[in-house]
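Residues take their numbers from the sequence shown, with the count starting at 1. Atoms within a ligand are numbered from 1 in the order they appear, just like the ligands themselves.
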Amino acid sequence: MRTQVVIIGSGPSGLLLGQLLAKAGVETTILEQKSKDYVLGRIRAGVLEQGAVGLLEEAGAATRLHSEGLVHEGIEIAFDGARHRVDFKALTGKTVTVYGQTEVTRDLMDARAAIGAPTVYEALDVTLSDLESERPKVRYVEDGKDCEIECDYVAGCDGFHGVGRRSIPETVLRTYERVYPFGWLGVLVEKPPIAHELIYINHARGFALCSMRSTTRSRYYLQCRLDERVEEWSDDRFWEELTRRLDPEIARSLQTGPSIEKSIAPLRSFVAEPMRFGRLFLAGDAAHIVPPTGAKGLNLAASDVAYLSRALIERYSVGSLEGLDGYPKKALARIWKAERFSWWMTQMLHRFPESSGFDQKMQTAELDYLFSSKAAQTALTENYVGLPY
Ligand code: APR
Ligand code: PHB
């Protein structure tokens with residue numbers, strides 16, 4: 001078997017890349033180790049920058065996003081008994097769209113099926129070889145049979161635990177990491193959201209976030225300890241703790257109900273450089289992780305894919321390698337800025353177990369400054385709505 005680009009992973013990165021390449025006439029095969037239902041069962045964040053929305057339009061997968069997505073013109077930050085609004089629209093003229101990553105994935109899968117591009121689900125034991133040659137090979141097992149595809153390029157869109165990054169020799173790969181001393185306990189519930197916009201809460205008992213997926217489905221998070229187990233959190237306990245972290249006025253609007261999903265996720269900042277080895281290119285979570293405060297994960301995957309798709313299309317349309325050679329530097333410049341923003345939001349909004357009196361004073365000063373300064377709110381907004389590609 002032969003194709004032009006083998007894409008490993010059918011998460012948002014791989015699917016979006018496949019769609020943008022297909023539109024330009026570049027042939028791809030996607031290899032995904034899990035089943036389609038498994039991929040669609042993952043619940044993740046749901047805030048899209050305008051740039052990501054634009055790419056989904058380009059990919060021909062934005063119809064439902066435009067009819068069902070909720071346009072948000074700002075967020076609220078609650079601290080010390082008061083709520084402060086950051087008005088994105090007034091500060092930068094830009095907005096974000098609330099639309100779940102699961103729905104983005106589903107729309108991209110449907111778009112891929114509509115053009116008849118191949119995806120192999122349950123492709124097991126994927127291995128990459130000859131990456132430094134002109135004919136990379138990708139081997140995998142499908143229905144118990146050994147298969148091999150020869151290609152021009154491999155795109156490692158296979159997430160943090162994928163085979164892409166692991167195929168880069170240790171002597172070439174550099175990694176940078178921060179692991180945070182807490183996690184997020186998330187609950188999804190079939191009830192209208194507590195408010196029209198997202199509320200980020202810095203409370204003495206820990207961070208909380210009130211988010212949503214639609215006008216009838218809400219997503220809530222609580223900062224929790226890393227050693228806590230989800231079984232220890234009954235729905236009642238979750239709602240009780242969330243209520244304690246909300247100010248009494250807004251708490252009255254909280255509509256609780258049985259959770260339809262509940263999970264704990266650790267928080268991590270991680271970057272692997274240089275995102276390329278020979279003819280292998282990494283994109284999305286395969287190369288970097290951000291803590292979810294600020295909702296940059298999916299958006300960063302989208303900007304990587306914007307750069308990588310343009311570079312590959314340039315290679316096939318005019319034969320130029322310039323875009324591919326420049327991909328790591330261009331992508332990493334934006335990635336590090338999103339890493340900084342996500343780290344800053346995390347630092348500002350959570351309660352750190354080891355924090356000293358000085359650290360706490362610094363956090364309070366940071367928030368006071370943000371609430372009082374249009375310049376500081378503009379800086380937050382520029383990053384939240386997305387830096388330019
Ligand atoms: N072989 C084939 N597929 C693999 C392999 C492998 N060895 N390892 C992982 N995969 C698949 C996973 O099953 C998953 O479906 O690659 C896909 C990677 O998808 P994501 O983890 O969603 O990563 P990405 O597409 O880069 O999306 C980034 O996802 O985790 C969130 O916050 C993150 O929103 C961001 C987005
Ligand atoms: C979510 O809705 O899951 C969400 C929203 C905003 C964030 C993180 C997660 O910053």
### Message
What protein heavy atom lies closest to atom 27 (O) of ligand 1? Include the residue and the distance to one decimal.
### Response
Pro12 CD, 3.5 Å
### Query
At a 4.0 Å threshold, what atoms of ligand 1 neighbour a non-hydrogen atom of Leu31?
2 (C), 3 (N)
### Query
How does Pro292 reach ligand 1, by side chain, by backbone, by both or by neither, if only non-hydrogen atoms under 4.0 Å count?
neither
### Query
Is it true that the side chains of Asn202 and Gln363 contain a donor and an acceptor less than 3.5 Å apart?
yes
### Task
Please confirm whether Ser10 comes within less than 3.5 Å of ligand 1 when only nitrogen or oxygen atoms on both sides are compared.
no
### Task
On the 0 to 90° scale, with breaks at 30° and 60°, tag the His196-His72 ring pair as parallel, tilted or perpendicular.
tilted
### Task
With heavy atoms of Lys34 as the reference, note each atom of ligand 1 found under 4.0 Å away.
13 (O)
### Query
Considering only the protein, which heavy-atom contact is closest to atom 29 (O) of ligand 1, and what is its distance?
Gln101 NE2, 3.0 Å
## Note on the structure
atom 13 (O) of ligand 1: of Glu122, Lys36, Glu32, His288, the nearest heavy atom sits on Glu32
### Query
Which of the atoms in ligand 1, numbered in the order shown and given with their element, are less than 4.0 Å from a heavy-atom of Val163?
7 (N)
### Query
If you count the atoms of ligand 1 from 1 in the order shown, which ones are under 4.0 Å from a heavy atom of Gly284?
26 (O)
Every pair of nitrogen or oxygen atoms between ligand 2 and the protein that is under 3.5 angstrom apart - can you list them with their distances to 0.1 Å?
from     : atom 1 : to     : atom 2 : distance (Å)
ligand 2 : 2 (O)  : Ser211 : OG     : 2.5
ligand 2 : 2 (O)  : Arg213 : NH1    : 2.7
ligand 2 : 3 (O)  : Arg213 : NH2    : 2.8
ligand 2 : 3 (O)  : Tyr221 : OH     : 2.6
ligand 2 : 10 (O) : Tyr200 : OH     : 2.6
ligand 2 : 10 (O) : Pro292 : O      : 3.0
ligand 2 : 10 (O) : Gly294 : N      : 3.0
ligand 2 : 10 (O) : Ala295 : N      : 3.3

### Query
So Phe238 and Trp233, would you call those rings parallel, tilted or perpendicular, with 30° and 60° as cut-offs?
perpendicular
### Query
Do ligand 1 and Arg44 have nitrogen or oxygen atoms that lie under 3.5 Å from each other?
yes
### Query
With Glu103, which of Arg64, Arg44, Arg42 fulfils salt bridge (Lys or Arg N to Asp or Glu O under 4.0 Å)?
Arg64
For residues 323-332, dump all side-chain donor-acceptor pairs below 3.5 Å to protein atoms at least two apart in sequence or in another chain.
from   : atom 1 : to     : atom 2 : distance (Å)
Asp325 : OD1    : Arg276 : NH1    : 2.8
Tyr327 : OH     : Leu282 : O      : 2.7

### Message
Below a 4.0 angstrom heavy-atom separation, can you tell me which part of Leu298, side chain or backbone, both or neither, approaches ligand 1?
### Response
both
### Message
Below 4.0 Å, non-hydrogen atoms only: which portion of Gln33 touches ligand 1? Side chain, backbone, both or neither.
### Response
both
### Task
Below 4.0 angstrom from a heavy atom of Gly162, which ligand 1 atoms are there? Numbered from 1 as shown, please.
8 (N)
### Query
What is the nearest protein non-hydrogen atom to atom 30 (O) of ligand 1, stated with its residue, atom name and distance?
Asp285 OD2, 2.5 Å
### Query
Going by distance alone, is a donor N or O of one side chain under 3.5 Å from an acceptor N or O of the other, for Trp344 and Glu339?
no
### Query
How does Ile289 reach ligand 1, if at all, at less than 4.0 Å between non-hydrogen atoms: by side chain, backbone, both, or neither?
neither
### For Arg245, salt bridge (charged side-chain N to carboxylate O under 4.0 Å, His left out) partners two or more places apart
Glu241
### Query
Looking at the rings of Phe352 and Phe182, which for Trp means the six-membered one, are their centres under 6.0 Å apart?
yes
### Query
Taking heavy atoms and a distance under 4.0 Å, where does Ile8 meet ligand 1: side chain, backbone, both or neither?
side chain
#### Entry: Pair Glu382 + Lys94, salt bridge at N-O below 4.0 Å
no
### Task
Look only at the side chain of Asp235 and the backbone of Ser259, and say whether a donor-acceptor pair between them is shorter than 3.5 Å.
yes
### Query
Which ligand 1 atoms, with their elements, are less than 4.0 angstrom from a heavy-atom of Gly9?
11 (C), 16 (O), 17 (C)
### Message
For Tyr220, give me all partners under ring-ring contact (aromatic ring centres under 6.0 Å, His included), at least two apart in sequence or on another chain.
### Response
Trp239
### Task
Could you establish whether Ala45 and ligand 1 come within less than 4.0 Å of each other, counting only heavy atoms on the residue side?
no
### Message
So that I can tick it off, tell me whether Glu122 and Lys145 are bridged by a salt bridge, with the cut-off set at under 4.0 angstrom between side-chain N and carboxylate O.
### Response
no
### Task
Pull out every atom of ligand 1 sitting under 4.0 Å from any heavy atom of Gly159, numbered as shown with elements.
18 (C), 21 (O), 23 (O)
### Message
Is it the case that ligand 1 has an N or O less than 3.5 angstrom from some N or O of Phe160?
### Response
no
